[in-house]
Amino acid sequence: MKKRPIWMICLAAAFFVSIVLIRKIDDMEFHGLRVMSEERLNKLTEGLTKVDDPQNVEELIRLDDKRVPYVRNDNTFYVSQSIQGKAYAGTFRAQGDNCRIYLQEDAVLEDKQTVLAQGRQFTLWFVTGESYTTAQLIFTGLPVVCISTEDGALTQSYERGSLVVHNPDDDDVITMSVKKSDLEARVNPDSGTISFKLYKNDYAEERDLSLLGLGKRTSWKLYPVCEDDKTSVGEMLASYVWNSVCGNQDLQRGMEYAELIVDGEYMGLYYLAPKIGKGFLKLEDADRAYDMEDLAEDGTKLYTVIGDQDTPENRMALEQYESLWEEGNTDFSQIDADNYINYHIYLQAACAVQNSMKAYCVIAREDNGTYQFSKMPQRSKFVFGQYPARIGWQSLFATENVMEDAEYAMVAEQTEGMAAATAGRWQDLRKEVLSTDSLLKTAHLCEQRLADSGYIVREEEPEAYAAACDALHTMIAGRMEHLDGYYNDGVR
């Protein structure tokens with residue numbers, strides 16, 4: 001019989017803890033809120049008018065003098081709290097002399113980790129003058145990112161607005177933090193990806209800001225977790241693989257989970273990552289970068305220019321790059337062979353079907369009039385067998401497939417010793433960062449974090465989630481075993 005994941009055991013134990021807690025908390029104060037039983041709150045509000053569809057209730061409460069993330073459709077506040085430690089962070093305050101806020105008692109309130117893991121909802125009572133209303137309160141162990149646009153909706157064009165990021169574990173301040181900035185943001189209607197750039201001084205200057213421990217950046221992206229990834233782990237694991245394999249710190253790209261609220265609407269679980277641009281890649285003036293976004297029907301690769309105007313002059317480096325793949329070329333000295341080895345291993349280890357055909361960047365670094373070319377993945381959306389069946393790609397259990405990598409094959413054919421170097425690189429990586437244990441540990445840590453935060457209980461079906469995680473673990477072990485044989489036999 002398969003063992004249940006640790007987070008499932010902890011979740012079950014948390015339910016028992018909530019049952020046996022017997023300390024009476026009626027009339028206690030909870031971080032600025034008075035706690036009362038539902039019975040006493042009903043008596044308190046007798047004769048007052050109940051407002052069932054409250055307007056601007058978010059204006060009545062602050063946490064450490066800052067707005068609390070609020071979802072209008074659900075009439076629910078979200079408060080980030082660290083999954084570590086027993087104490088809650090922050091103090092609530094009512095806004096206005098005529099407003100009193102109460103928290104309806106719940107015996108489990110005293111146990112923060114249980115509150116988070118269970119995804120428990122609490123009821124806030126707002127009493128103002130001759131009326132009152134209620135709203136729900138959720139404590140989440142994940143960061144919460146709030147975007148508000150001036151026009152009230154994201155579009156395909158960049159729109160001005162504001163960003164607020166609630167981070168429950170900010171290493172910069174060793175506590176919960178709230179960071180705010182002006183921004184311009186747009187959404188890709190096909191992928192749901194949100195791009196945004198930070199500004200200061202009334203949009204007169206771009207702003208560098210460190211978000212969720214990912215370093216100081218101006219430009220960022222939010223990626224919705226792929227609906228075909230039932231574990232919500234695949235892209236995070238693929239990011240770990242690339243960062244472990246690539247060997248160049250300038251090409252490593254961190255990602256972090258966040259729950260996203262846009263203009264008062266809860267959007268779900270997203271990945272926050274720095275946007276790949278000239279600043280991120282640390283490109284010099286003469287360097288260029290290109291995003292291979294898609295394939296035309298005739299197989300032509302469709303590139304866009306990153307960080308520069310899309311002019312013929314800025315495509316000169318791309319023309320050099322494309323000429324390398326023309327029939328008859330045998331000179332691949334402009335290709336960073338080590339990078340191509342690492343990218344090939346990434347494709348195979350992460351089973352990254354999409355990144356073998358598109359969704360990658362070509363970086364052209366100028367060197368005495370010519371360019372040296374390297375690659376990195378853009379978004380790693382379809383990885384570790386999490387592929388939509390409608391596209392006809394491999395299923396979750398297809399561990400023995402080989403990702404197409406035509407460019408690597410051409411370079412390896414003309415470069416003596418490249419196949420052997422690839423096999424040697426694989427063997428070195430398998431000793432530690434790409435060991436089966438390391439990959440499974442990384443997957444477990446992501447799963448545990450989502451469970452401890454309460455996200456799985458609130459937004460997923462726990463039993464189905466556990467089954468999806470089991471399938472992913474099986475796939476990882478099988479995939480690594482297959483690749484050991486593939487590289488030991490010599491790279492094709």
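Starting from 1, each residue takes its place in the sequence as its number. Source: prediction; values computed, not measured.
The backbone N or O of Asp338 sits less than 3.5 Å from a side-chain atom of Asp336, completing a donor-acceptor pair. Judged purely by atom type and a 3.5 angstrom limit, His31 has no side-chain atom pairing as donor or acceptor with the backbone of Phe92. Remark: the backbone N or O of Ser80 is not paired with any side-chain donor or acceptor of Thr140 at under 3.5 angstrom. A donor-acceptor pair under 3.5 Å links the side-chain atoms of Thr422 to the main chain of Met418, judged by distance alone. The backbone N or O of Ile363 sits nowhere less than 3.5 Å from a side-chain atom of Tyr290 that would complete a donor-acceptor pair. No side-chain donor-acceptor contact under 3.5 Å links Glu38 to the backbone of Glu105. Side-chain atoms of Arg72 come within 3.5 Å of backbone N or O of Asp263 as a donor-acceptor pair. Judged by distance alone, the side chain of Asn355 and the main-chain N or O of Tyr360 form no donor-acceptor pair under 3.5 Å. The main-chain N or O of Cys246 is never found under 3.5 Å from a side-chain atom of Asn339 such that the two would form a donor-acceptor pair. Looking only at distances, no side-chain donor or acceptor of Glu58 sits under 3.5 Å from a matching main-chain atom of Val68.
Within the 4.5 Å cutoff, no side-chain heavy atoms of Arg425 are placed close to those of Tyr487. The side-chain heavy atoms of Tyr340 and Glu407, taken from C-beta on, include a pair separated by under 4.5 Å. Looking at heavy atoms from C-beta onward, Ser244 lies out of side-chain contact with Tyr346 at the 4.5 angstrom threshold. Contact of the Gln378 side chain with the Ile276 side chain is registered, since non-hydrogen atoms from C-beta on lie closer than 4.5 Å. Counting only heavy atoms from C-beta outward, the side chains of Leu33 and Leu124 approach each other to under 4.5 Å. When side chains are defined from C-beta on, Val262 counts as touching Ile194, because their heavy atoms get closer than 4.5 Å. Between Thr149 and Leu183, the closest side-chain pair of non-hydrogen atoms is not below 4.5 Å. Residues Met176 and Gln81 are in side-chain contact: their nearest non-hydrogen atoms beyond the backbone lie under 4.5 Å apart.
The closest side-chain donor-acceptor pair between Trp242 and Asn342, if any, does not fall under 3.5 angstrom. Using a 3.5 Å distance cut-off with no hydrogens or angles, the side chains of Ser435 and Asp437 do not pair a donor with an acceptor.
The number of heavy-atom neighbours closer than 6.0 Å to NZ of Lys180, taken from other residues, nucleotides and ligands shown, is 12 or below. Heavy atoms of other residues, nucleotides or ligands lying less than 6.0 angstrom from CD of Glu481 number 12 at most.
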*Apply the test side-chain contact (heavy atoms from CB on, under 4.5 Å) to residues Met480 and Leu483: give CA-CA distance (whole Å), side-chain angles for both, the deciding distance (0.1 Å), then the verdict.*
CA-CA 5 Å; Met480 294 302 105; Leu483 290 178; 4.1 Å; yes

*Taking it one step at a time, do Val178 and Asp64 satisfy side-chain contact (heavy atoms from CB on, under 4.5 Å)?*
CA-CA 10 Å; Val178 179; Asp64 289 342; over 6 Å; no

*asked:* Walk me through whether Leu142 and Tyr270 qualify under side-chain contact (heavy atoms from CB on, under 4.5 Å).
replied: CA-CA 11 Å; Leu142 293 175; Tyr270 277 65; over 6 Å; no

*Might you work through the side-chain contact (heavy atoms from CB on, under 4.5 Å) test for Phe139 and Lys112, ending with a clear yes or no?*
CA-CA 9 Å; Phe139 293 101; Lys112 185 188 71 171; over 6 Å; no

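Atom CD of Glu459 sits about 11.5 Å away from atom CG of Leu450, to the nearest 0.5 Å. To the nearest 0.5 Å, atoms OG1 (Thr134) and CD (Gln104) are separated by 8.5 Å. Summarising the geometry, atom CH2 belonging to Trp325 is positioned 6.5 Å from atom CE belonging to Met410; distances are rounded to the nearest 0.5 Å. Note that the CG atom of Leu434 and the CD atom of Gln427 stand 12.5 Å from one another [nearest 0.5 Å]. The OG1 atom of Thr133 lies 7.0 Å from the CG atom of Asp52; values are rounded to the nearest 0.5 Å. In this structure, OG1 in Thr218 is found 7.5 Å from NZ in Lys197, a value given to the nearest 0.5 Å.
By the 4.0 Å N-to-carboxylate-O rule, Arg449 lies too far from Asp452 to be salt-bridged with it.
Phe126 and Phe77 have tilted rings, their planes meeting at an angle from 30° to 60° on a 0 to 90° scale. Taking the six-membered ring where tryptophan is involved, the planes of His482 and Tyr486 are essentially parallel, since the angle between them stays under 30° and well short of 60°. Using the six-membered ring where Trp is involved, His344 and Tyr408 have ring planes that are parallel, under 30° apart on the 30 and 60° scheme.
Closest of all the heavy-atom pairs between Tyr223 and Ala273 is CE1-CB, 4.1 Å. Taking every heavy atom of both residues into account, Leu214 and Leu272 meet most closely at CD1-O, 3.4 Å. Heavy atoms only, all atoms of each residue included: Ala349 and Val241 are closest at CB-CG1, 4.0 Å. Smallest separation of non-hydrogen atoms from Leu347 and Ser356: CD2-N, 3.7 Å. Residues Arg186 and Gln156 share a closest heavy-atom pair of NE-O, 2.6 Å. Looking at every heavy atom in both residues, Pro69 comes nearest to Ile261 through CB-CD1, 3.9 Å.
Under the side-chain contact (heavy atoms from CB on, under 4.5 Å) criterion, Asn167 pairs with Pro143, Asp169, Asp170, Ser177, Leu212, sequence neighbours left out.
Between Tyr78 and the choices Tyr70, Phe122, Tyr266, the ring pair (Phe, Tyr, Trp, His ring centres under 6.0 Å) rule is met once, by Tyr266.
The distance between the ring centers of Tyr257 and Tyr271 falls below 6.0 angstrom.
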